[in-house]
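Comments concern the structure below.
Chain A is the first sequence line, chain B the second, and so forth, proteins listed ahead of strands; every chain is numbered from 1. It should be emphasised that the depicted structure is a prediction, and the values quoted were computed from it without experimental measurement.
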Protein chains: 2
Amino acid sequence: MARKVVAKGRARFHRETPEDRRRQLGEAALRCIVKHGNAGVSVRQIAAEAGVTQGLITHHFGEINELVAYAFDIMSEGLLQSLLKAVADAEPTPQKRLDAFINVSFSPMLFDRGVLGVWVVFWGLVLHSPRMSASQQGEYSNYVGAIEGLLGDLAADEGFGIADIRLSAIAFTALLDGLWLAWCLNPASFKPEEGMQLCRNWVEGLRRGAYA
Amino acid sequence: MARKVVAKGRARFHRETPEDRRRQLGEAALRCIVKHGNAGVSVRQIAAEAGVTQGLITHHFGEINELVAYAFDIMSEGLLQSLLKAVADAEPTPQKRLDAFINVSFSPMLFDRGVLGVWVVFWGLVLHSPRMSASQQGEYSNYVGAIEGLLGDLAADEGFGIADIRLSAIAFTALLDGLWLAWCLNPASFKPEEGMQLCRNWVEGLRRGAYA
DNA sequence: ATACTTGTTATACGATCTTATAATTTCACT
DNA sequence: AGTGAAATTATAAGATCGTATAACAAGTAT
């Protein structure tokens with residue numbers, strides 16, 4: 001007699017652990033944001049992108065802001081890992097490691113309009129949400145800390161002085177972010193290789209004692 | 001017999017020239033964006049902020065995107081004018097003029113979370129709207145052009161070389177924008193005076209031939 | 001097999017959004 | 001004063017949004 005009453009047409013589905021589902025939803029959110037920017041931040045769109053119903057987002061995250069914050073954390077972590085991996089894979093001299101950092105920063109994986117688009121949405125939220133701001137501060141300090149290490153090693157290795165490594169790392173970060181922003185908003189303004197050269201020039205200024 | 005049939009309570013109003021009204025609406029839009037970020041971009045909120053009804057926006061701008069683009073133009077123009085005025089008011093030596101540019105860039109008028117908030121919203125739109133992208137490109141090239149002039153004058157005056165002035169101006173712009181972004185997202189990360197110092201350090205690197 | 005936990009679907013409600021359209025008032029001009 | 005153009009209000013229609021709630025089903029343990 002037929003099979004176990006496949007109710008009036010309710011959709012089949014299979015369960016996932018909360019951890020897996022949360023990540024799927026976070027990644028779907030990122031895809032939506034890449035595609036539509038701020039307009040992509042919507043329970044319905046994200047649920048559709050993930051192939052589930054809206055209630056699931058409420059169930060796993062309570063409110064949508066939590067999902068977005070979670071997506072932000074995923075993305076931050078992923079990018080930082082990519083950067084650190086490139087550094088780790090480089091020859092272990094301070095110069096090569098810093099070069100590797102610069103090169104991967106301008107590689108298509110990171111120097112990308114879609115990636116910036118996600119970031120821009122996050123920035124907008126950080127300015128108005130304490131929850132997002134907290135995530136951003138943690139992420140930023142990890143990022144600056146990594147650069148601090150690279151610059152400090154280079155200075156020690158080559159024997160030049162830096163008055164304030166933390167501030168120098170902040171400047172280098174700002175330069176990278178600013179170039180990334182400018183290029184993504186208008187890819188015709190300069191070429192990625194030119195951006196890399198400008199970063200190397202910045203380091204050359206450091207080397208020549210402009211920050212001592 | 002009474003007066004001219006003051007209809008059943010329709011609101012009084014007074015007309016303005018399209019030009020004035022457009023500007024009022026544009027400025028109301030900016031205030032809304034400052035207050036609520038992307039969430040502030042809404043016909044209803046902007047109309048309320050301006051003290052008019054929604055239909056007026058449709059009437060003057062057709063669709064809301066046009067209003068936002070117009071607000072973007074107002075804002076760009078205003079900021080650039082502030083910068084150029086500070087330069088014009090400075091003593092007419094290349095060094096003083098560049099210093100003035102740096103100083104005003106980090107003054108509370110420009111180095112401000114509200115201002116960045118507006119910009120972030122615009123960036124988000126630029127990435128997804130050709131109309132906004134066109135405005136941004138024009139604005140960006142004006143900005144970089146101004147810096148190009150300042151840097152070129154300094155190099156000529158002091159007799160040091162710059163391989164590519166345009167690229168150097170792009171880097172300096174990126175540094176300014178990056179510092180602005182970082183500080184607004186997290187004002188605890190560094191002090192505006194430190195940001196100014198980092199800009200001067202960058203110029204010192206230029207002076208020492210790091211970009212030659 | 002049966003029951004239980006909970007991940008998941010389904011659905012509804014109220015708010016807000018954009019855009020379109022019609023009615024009305026203001027103001028400049030004759 | 002009266003007329004006409006258009007700036008402005010008023011209102012409605014249809015989408016979409018976020019969240020709450022209840023029913024259902026999948027998988028685990030008993």
Within 6.0 angstrom of B/E19 CD, more than 12 heavy atoms from elsewhere: no

Find the distance [X]:[atom1] to [N]:[atom2] and express it as a whole number of Å.
{"X": "A/R12", "N": "C/dG7", "atom1": "CZ", "atom2": "C1'", "result": "16 Å"}
{"X": "A/F13", "N": "C/dT6", "atom1": "CZ", "atom2": "C1'", "result": "10 Å"}
{"X": "A/L56", "N": "C/dA10", "atom1": "CG", "atom2": "C1'", "result": "12 Å"}
{"X": "A/L67", "N": "D/dG18", "atom1": "CG", "atom2": "P", "result": "11 Å"}
{"X": "B/F61", "N": "D/dT8", "atom1": "CZ", "atom2": "P", "result": "11 Å"}
{"X": "B/I46", "N": "C/dT19", "atom1": "CD1", "atom2": "C1'", "result": "15 Å"}
{"X": "A/E16", "N": "D/dT28", "atom1": "CD", "atom2": "C1'", "result": "16 Å"}
{"X": "A/R15", "N": "D/dT28", "atom1": "CZ", "atom2": "P", "result": "9 Å"}

Considering all heavy atoms, the nearest A/V118-A/I33 contact: CA-CG2, 3.8 Å

Distance-minimising heavy-atom pair for A/I74 and A/G26: CD1-CA, 4.1 Å

Residue whose nearest DNA chain C nucleotide is more 5′ - A/A11 or B/V41: A/A11

Using a 4.0 Å heavy-atom cut-off across all strands, classify [X] as base, sugar-phosphate, or nothing.
{"X": "A/I57", "result": "nothing"}
{"X": "B/T53", "result": "base"}
{"X": "A/Q54", "result": "base"}
{"X": "A/I64", "result": "sugar-phosphate"}

So, does [X] get its side chain near the phosphate of [N], meaning an N or O under 4.0 Å from OP1 or OP2?
{"X": "B/S42", "N": "C/dC17", "value": "yes"}
{"X": "B/H59", "N": "D/dT8", "value": "no"}
{"X": "B/H14", "N": "C/dT25", "value": "no"}
{"X": "A/R21", "N": "C/dT8", "value": "yes"}

Ring centre gap for A/W202 and B/F172 strictly below 6.0 Å: no

Ring centers of B/W123, B/F72 separated by less than 6.0 Å: no

Side-chain donor/acceptor of B/R10 to base of C/dT25, under 3.5 Å: no

Whichever of A/Q45 and A/G55 has its nearest DNA chain D nucleotide further upstream toward 5': A/Q45

Minimum-distance nucleotide (side-chain atoms of B/H60 versus D/dC17, C/dT8, D/dA7): D/dA7

